[in-house]
Amino acid sequence: MSFQTEAICKEGGDKDLPFPLDQAAAVPQGGGQIWIFGGEFASPDGEQFYHYKDLWVLHLQTKTWEQIKASGGPSGRSGHRMTYCKRQLIVFGGFHESTRDYIYYNDVYTFNLDSFTWAKLSPSGTAPLPRSGCQMTTNQDGSVVIYGGYSKQKVKKDVDKGTVHTDMFLLKQEGADKWVWSRLNPSGVKPTPRTGFSGTLGPNNRILLFGGVYDEEEEESIEGDFFNDIYMYDMGKNRWFTGQIKGPKTEKKKRRRGNKQAEAESNSESGEVGAQKPPEPVEVIKEIVAEDGTVMTIKQVISGSATSESEEEDSVEEEDDEGARSPAVEPCPRSNTMIAAKQGVLYAYGGMFEVGDRQFTLNDLYSLDLHKMEEWKVLVEMDPKTQEWLDESDSEDEEEDAEGAEGGDEEEEEDEDSEDSDEDSHPPVEPQEKYPDYLARTEEYWVKLARANMGPDAKEKKVLKVAQAMAKTFYELKD
């Protein structure tokens with residue numbers, strides 16, 4: 001399992017703690033350890049950068065940090081990815097930025113967890129282009145799968161062009177010191193272009209991808225489309241498919257051969273052979289986000305008898321949309337979420353999304369049974385009192401206040417009262433009211449609020465998406 005992290009506290013104080021870092025990998029040895037390499041410090045004004053190249057291990061049994069000093073490792077960087085494979089850590093990519101220049105990497109290093117030594121690999125084959133923020137996962141045979149990422153390059157003086165990568169590669173060890181890159185060309189329904197997505201290894205040798213954001217770069221601004229969808233990559237079949245949430249089981253018809261045969265036998269016994277009606281056609285509505293950010297709505301009418309034999313066999317990804325319905329509870333669209341899969345259950349914690357120039361950080365926790373794919377469950381609700389909308393001016397004001405503030409009880413009570421009054425000003429959720437009903441009743445209010453936050457120049461499509469995300473978040477807090 002690998003995941004992004006910023007800091008983990010050590011019991012008994014902050015002595016010998018790593019600075020905020022970028023990439024971590026959990027390993028089973030020594031009673032459980034978390035290894036962290038590199039990362040970045042950036043000042044609030046974005047004028048100062050420092051990239052680390054230190055290596056740390058958190059011993060989970062004793063809850064103590066230890067810095068591991070070993071030469072020959074990667075240069076200082078952030079945005080890289082690290083994974084655990086056969087008693088070694090593998091580090092790929094990342095970037096280094098200063099006030100004057102930047103560079104993206106596609107180099108590969110290994111760190112041996114027995115000898116505590118670094119080695120730089122020189123794989124043959126076609127390597128990925130330099131990038132940061134990709135997905136990096138180890139499969140069952142010890143090979144490494146790389147997907148996506150982001151990079152930018154100068155097209156002329158003071159003008160940079162960003163690239164959201166959607167390609168996929170396999171790094172395989174074919175001998176003691178021989179590694180080979182090969183490009184993968186998977187079939188199926190591939191993820192739409194995005195960055196800030198989260199990835200982990202799930203059941204049945206499948207890679208899970210959740211959420212993310214696609215930034216639309218305009219003349220003087222960047223607007224982001226955030227996602228809360230799930231994609232799965234079957235490493236055995238080299239195929240992508242969407243992780244469709246089917247909704248809780250009610251009286252869904254089972255469309256497998258065994259059920260059809262039982263139904264036919266039942267009808268035969270009651271003399272109703274040939275009397276049953278053919279399945280009614282199903283209308284499927286899908287939204288597809290193109291590479292330029294355009295949202296296209298596609299309506300398709302599928303015959304009830306059009307389910308193929310292969311769809312019946314692959315029940316998780318190929319079950320028709322008759323049983324799929326809008327989930328009653330789900331994480332709102334977000335990026336940079338922490339996810340992990342354990343014993344067939346996906347856990348998703350936190351993340352962030354933006355409204356105009358403001359950022360909203362989340363601290364909620366959800367779970368999803370990956371075998372049933374029926375519904376998200378809320379394990380920890382978001383606490384609104386720990387969340388704040390921040391823009392640059394708010395951030396600067398808070399830093400100034402924090403320097404000399406010794407807030408008393410009266411100030412805290414006033415702040416809480418003002419937060420409560422802000423929440424109470426939103427349209428309340430009626431008892432037993434479902435989210436679709438709440439949205440239909442209050443959408444006009446949320447659109448006005450989103451427009452006020454985003455300004456008159458924001459696109460109508462963007463305003464509507466933000467409004468719906470705000471309504472969803474408020475509904476889940478109050479439900």
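On a predicted model such as this, the values are computed, not experimentally measured, just so you know.
- R77 places no side-chain N or O within donor-acceptor distance of the main-chain N or O of G38, the cut-off being under 3.5 Å.
- Closest approach of Y231 to K190, counting heavy atoms only: CE2-O, 3.5 Å.
- Among K161, H165, R131, the one residue that satisfies the side-chain hydrogen bond (donor to acceptor under 3.5 Å, both in side chains) test with S151 is H165.
- The line from CG of L89 to CE of M82 is 5.0 Å long, rounded to the nearest 0.5 Å.
- A donor-acceptor contact shorter than 3.5 Å is absent between the side chain of K120 and the backbone of G72.
- With hydrogens and angles ignored, the 3.5 Å screen pairs a side-chain donor or acceptor of N106 with a backbone N or O of P128.
- Under the 30°/60° scheme for interplanar angles, the aromatic rings of Y109 and W118 are found to stand perpendicular.
- No more than 12 heavy-atom neighbours from other residues, nucleotides or ligands sit within 6.0 angstrom of CG on D177.
- For the atom pair N204 CG and M232 CE, the distance stands at 9.5 Å (nearest 0.5 Å).
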Under 3.5 Å, side-chain donor or acceptor atoms of residues 179-189 against the rest of the protein: list the pairs with distances, not counting sequence neighbours.
none

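- A perpendicular orientation is assigned to the rings of F353 and F226, their planes being inclined by more than 60° (bins at 30° and 60°).
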When you look at Y366 and V329, which way does the side-chain contact (heavy atoms from CB on, under 4.5 Å) test go after all the steps? CA-CA 10 Å; Y366 290 81; V329 175; 3.9 Å; yes
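- Between the OG atom of S335 and the CE atom of M352 there is a distance of 5.0 Å, given to the nearest 0.5 Å.
- Proximity of a side-chain donor or acceptor of R194 to a complementary backbone N or O of G211 within less than 3.5 Å is detected.
- The shortest heavy-atom contact between G142 and K86 is CA-CE, 3.9 Å.
- Other residues, nucleotides and ligands place no more than 12 heavy atoms under 6.0 Å from the NZ atom of K172.
- A perpendicular orientation is assigned to the rings of W56 and W65, their planes being inclined by more than 60° (bins at 30° and 60°).
- Ring pair H96/H51 is tilted by interplanar angle, where 30° to 60° counts as tilted.
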Checking T83 against R81 for the side chain to side chain donor-acceptor pair (under 3.5 Å) test, could you report, in this order, the C-alpha distance in whole Å, the side-chain angles of both residues, the deciding distance, and whether it holds? CA-CA 7 Å; T83 191; R81 290 295 177 260; over 6 Å; no
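- A donor-acceptor pair under 3.5 Å is formed between the side chain of T337 and the backbone N or O of G350.
- Other residues, nucleotides and ligands place more than 12 heavy atoms under 6.0 Å from the CD atom of Q29.
- In this structure, Y50 places its OH atom where only 12 or fewer heavy-atom neighbours from other residues, nucleotides or ligands lie under 6.0 Å away.
- Under the side-chain hydrogen bond (donor to acceptor under 3.5 Å, both in side chains) criterion, E97 pairs with no residue, sequence neighbours left out.
- Contact detail for F210 and W376: the closest heavy-atom pair is CE1-CZ2, 4.0 Å.
- Contact of the L201 side chain with the T138 side chain is not registered, since no non-hydrogen atoms from C-beta on lie closer than 4.5 Å.
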Decide yes or no on side-chain contact (heavy atoms from CB on, under 4.5 Å) for V27 and V57, but give the supporting numbers first. CA-CA 10 Å; V27 305; V57 57; over 6 Å; no
Assess whether side-chain contact (heavy atoms from CB on, under 4.5 Å) is satisfied between T192 and D225, documenting all intermediate values. CA-CA 11 Å; T192 56; D225 279 325; over 6 Å; no
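- Here the OG1 atom belonging to T110 is positioned 5.0 Å from the CD atom belonging to Q88, to the nearest 0.5 angstrom.
- From W446, atom CH2 reaches atom NZ of K472 across 13.0 Å, with rounding to the nearest 0.5 Å.
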Using side-chain contact (heavy atoms from CB on, under 4.5 Å), reason through F92 and V144 one step at a time and then give a plain yes or no. CA-CA 10 Å; F92 168 78; V144 177; over 6 Å; no
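- Between E375 atom CD and K377 atom NZ the span is 6.0 Å, to the nearest 0.5 Å.
- Counting only heavy atoms from C-beta outward, the side chains of V447 and L464 approach each other to under 4.5 Å.
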Ring pair (Phe, Tyr, Trp, His ring centres under 6.0 Å) between F197 and Y147: does it pass, once the steps are laid out? CA-CA 11 Å; F197 53 81; Y147 170 75; 5.7 Å; yes
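- Ring geometry, H426 versus F474: the interplanar angle exceeds 60°, so the pair is classed perpendicular (tilted spans 30 to 60°).
- N228 places a side-chain N or O within donor-acceptor distance of the main-chain N or O of P331, the cut-off being under 3.5 Å.
- Checking Y233 against N238 by side-chain atom types alone, a donor-acceptor pair falls below 3.5 Å.
- Looking at every heavy atom in both residues, N205 comes nearest to G236 through ND2-N, 4.3 Å.
- Contact record, L439 with A471: CD1-CB, 4.0 Å, taken as the closest heavy-atom pair.
- Heavy-atom minimum distance, S367 versus V345: CB-CG1, 3.9 Å.
- With E330 contributing its side chain and D229 its backbone, the two residues share no donor-acceptor pair below 3.5 Å.
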